[in-house]
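Lettering follows sequence order; numbering is per chain, from 1.
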Amino acid sequence: MYQEISEQESIRRNSLKELEALGINPYPAEAFNVNISTNEIHDKFPADNSLYSDISIAGRIMTRRIMGAASFVDLQDSSGRIQLYIKRDDICPGEDKSLYNNVFKRLLDIGDIIGVTGFVFITQMGEISIHVRSLKVLSKSLRPLPVVKEKDDQVFDAFSDPEARYRMRYVDLIVNPEVRDIFIKRNKIISIMRDFFNESNYLEVETPILQPIPGGAAARPFITHHNALDMTLYLRIANELYLKKLIVGGFNGVYEFAKDFRNEGMDRTHNPEFTVLEIYVAYKDYFWMMEYVEQMLERVAVGLHNKTEVTLGDRLINFKSPYRRLTMTDAIKEYAGVDITGKNEDELRAICKEMNIETDPSMGIGKLIDAIFGEKCEHHLIQPTFIMDYPIEMSPLCKRHRSNPDLTERFELFVNGKELCNAYSELNDPIDQLNRFQEQLRLSQKGDDEAMYIDMDFVRALEYGMPTCSGMGIGIDRLTMFMTNQPSIQDVLLFPQMRPEKTNAPIGDPDEAFVGIGVPEAWIGVLRKYGFKTIEQLKEANPNKLLNDLGGLRKKMKLDIPALKIEEIKSWIEQ
RNA sequence: GAUUCCGUAGCUCAGCAGGUAGAGCACAUCCCUUUUAAGGAUGGGGUCCUGGGUUCGAAUCCCAGCGGGAUCACCA
């Protein structure tokens with residue numbers, strides 16, 4: 001196949017061949033011994049300069065400033081950048097200057113990966129740099145990297161096209177250091193949480209992603225098929241039921257950082273696959289869990305920022321505990337100005353109508369209340385706020401409220417007007433659980449396509465007895481968005497879901513095929529430019545028209561190649 | 001799904017009362033031994049997203065499609 005490449009790519013491929021011709025392997029197999037990183041040098045030099053006379057470091061060439069027989073290179077490794085000073089007569093001590101003149105100056109490019117040895121010094125301009133004694137090619141880059149420049153914290157020509165950044169995250173990570181930082185912070189968030197749970201002696205577990213019944217939440221699942229078992233399987237929408245089965249099994253506390261999958265819309269806060277932390281702890285209730293969440297988030301914020309306040313857009317969010325607690329009824333009273341206590345379905349529908357909130361007939365009491373809350377309250381909840389005691393219809397896995405049977409012991413934590421956590425005193429009454437599942441079934445028959453599936457194995461587990469228990473789920477992607485001040489979920493996912501790219505696959509027949517039917521090599525490029533990518537296309541052409549057009553192109557492009565004869569063209573086509 | 005904006009060189013972008021496609025960086029050749037958005041000289045590089053239409057003529061105007069962003073709707 002033939003792949004169209006740009007001029008710059010073609011130059012780099014030629015450089016690659018030249019390197020090989022010089023006996024330099026552009027992709028060597030052996031390890032390169034690195035004994036220091038760029039940030040270590042910046043941290044410790046020159047206070048501790050005795051250590052930096054014999055260093056060995058590797059990274060990517062990010063910019064070059066060539067000044068005759070000496071050059072400066074910005075080398076980037078995983079921790080940052082450092083300037084290299086490369087002097088011809090230092091890396092080429094003998095008569096042969098080709099390593100500098102040819103290899104470094106001509107055959108290496110921005111984006112190539114090299115290893116160097118040398119010593120650290122400070123230039124006249126005051127920049128800590130490495131005076132290079134030897135240089136080795138570690139990997140040749142065949143595609144030109146976007147060149148981002150910077151002066152006085154002002155960035156020039158940033159690689160900023162979101163589509164290109166998300167599709168080619170590797171390039172984004174190379175040239176945009178703040179992107180790398182987001183993902184380092186994301187990892188740190190998870191580590192802090194994991195440490196926190198482990199200190200409590202809770203057990204990290206793994207539960208099935210392929211589930212026969214997509215339980216534990218209400219959402220449209222991705223559906224797949226297992227061939228050997230010849231059965232439908234679903235990618236999990238939640239792992240809640242499995243984790244609770246483990247509490248039945250006798251673990252005191254279990255947690256899982258889980259990828260969940262939901263076959264729904266995508267936007268700034270939703271990706272079809274996303275990460276959720278769920279944790280379940282025996283003998284606790286939702287009051288205990290609120291305090292645990294407060295401690296956890298405070299610790300994450302301090303771990304990342306050394307303080308509990310976190311900047312989010314033009315707001316400052318303070319994760320210092322305790323957080324405000326508000327029942328859903330009180331929140332609606334406060335922000336919507338109505339008391340929903342004791343209201344039936346028709347009355348709630350009337351309230352919605354009055355407030356211009358859209359409803360449909362499938363909505364029960366729970367969904368109607370949720371609609372009012374979503375419309376009138378959520379966006380007010382900027383600082384971390386626990387909303388407690390949700391209507392029972394909305395929470396089929398949650399324990400009935402200890403003092404009001406129409407409510408559940410559930411809370412959600414809202415931050416910046418968005419839901420961050422969801423937690424319950426878990427329902428452990430197997431008979432009530434089955435009734436609630438059956439109620440969900442009725443809702444789904446009524447037309448609610450988000451009602452839950454019934455998992456009879458889960459009911460059976462509860463029948464063996466689950467201790468009182470509190471569980472909590474928190475969206476790791478959203479938490480990362482809050483903690484790193486990113487407005488879009490795509491910016492906290494390394495590889496956000498995208499529509500397939502227009503194929504950039506190789507098109508057309510290779511050079512050999514054209515040569516095979518007698519086309520002179522010099523003409524192959526012209527034919528491609530003219531639109532003949534395959535032999536088949538060429539054979540359908542009119543020879544006389546082709547002769548005329550190619551002759552015209554030859555003149556226009558000032559090609560220094562022999563003109564074609566009609567017999568030649570006919571012979572290609574007739575072969 | 002709706003509305004709206006965008007798609008031009010490797011990157012960032014200009015060009016759009018329709019008339020031979022531009023800049024900076026990057027790239028190539030040359031000069032330059034402590035520079036740093038290095039500098040100087042010269043040069044090459046384009047399916048103007050795709051397909052139709054209007055027109056003597058379309059990157060530019062119109063229609064459709066593809067891809068992306070934003071807003072809204074949907075979404076435990």
* To do: Would you please indicate if the ring centroids of A/Phe373 and A/Tyr335 are separated by under 6.0 Å?
  => no

* Is the base of B/G44 touched by the side chain of A/Glu7 through a donor-acceptor pair closer than 3.5 angstrom? -> yes

* Asked: Between the side-chain atoms of A/Asp161 and the base atoms of B/C11, is any donor-acceptor pair under 3.5 Å?
  -> no

* Asked: Does A/Lys149 have a side-chain nitrogen or oxygen under 4.0 Å from the phosphate oxygens OP1 or OP2 of B/A38?
  -> yes

* For A/Asp74, what residues pass the salt bridge (charged side-chain N to carboxylate O under 4.0 Å, His left out) criterion, not counting sequence neighbours? -> A/Arg65

* Contact residues, residues 125-134 of chain A to RNA chain B [heavy atom, < 4.0 Å] -> A/Met125, A/Glu127

* Is it true that the NZ or CZ of A/Arg64 lies under 6.0 Å from the centre of A/Phe104's six-membered ring and within 45 degrees of the ring axis? -> yes

* Asked: Considering only heavy atoms and no angle criterion, is a donor-acceptor pair shorter than 3.5 Å present between the side chain of A/Gln8 and the base of B/G10?
  -> yes

* A/Tyr280/A/Tyr255 aromatic ring centres below 6.0 Å -> no

* Asked: Is the NZ or CZ atom of A/Arg169 both under 6.0 Å from the centre of the six-membered ring of A/Phe495 and within 45° of that ring's axis?
  -> no

* At under 4.0 Å, does any side-chain N or O of A/Arg143 touch on OP1 or OP2 of B/G10? -> no

* Asked: Among residues 85-105 of chain A, which residues get a heavy atom nearer than 4.0 Å to RNA chain B?
  -> A/Tyr85, A/Lys87, A/Asp89

* Asked: Quick one: is A/Arg65 getting a side-chain N or O under 4.0 Å of the B/U34 phosphate, OP1 or OP2?
  -> no

* Hey, is the side chain of A/Gln490 poking within less than 4.0 Å of OP1 or OP2 on B/G68, counting only N and O atoms? -> no

* Asked: Looking only at side-chain N and O atoms, does A/Arg499 come under 4.0 Å of OP1 or OP2 in B/G68?
  -> yes

* Does the base of B/U12 carry an N or O that pairs as donor and acceptor with the side chain of A/Ser160 under 3.5 Å? -> no

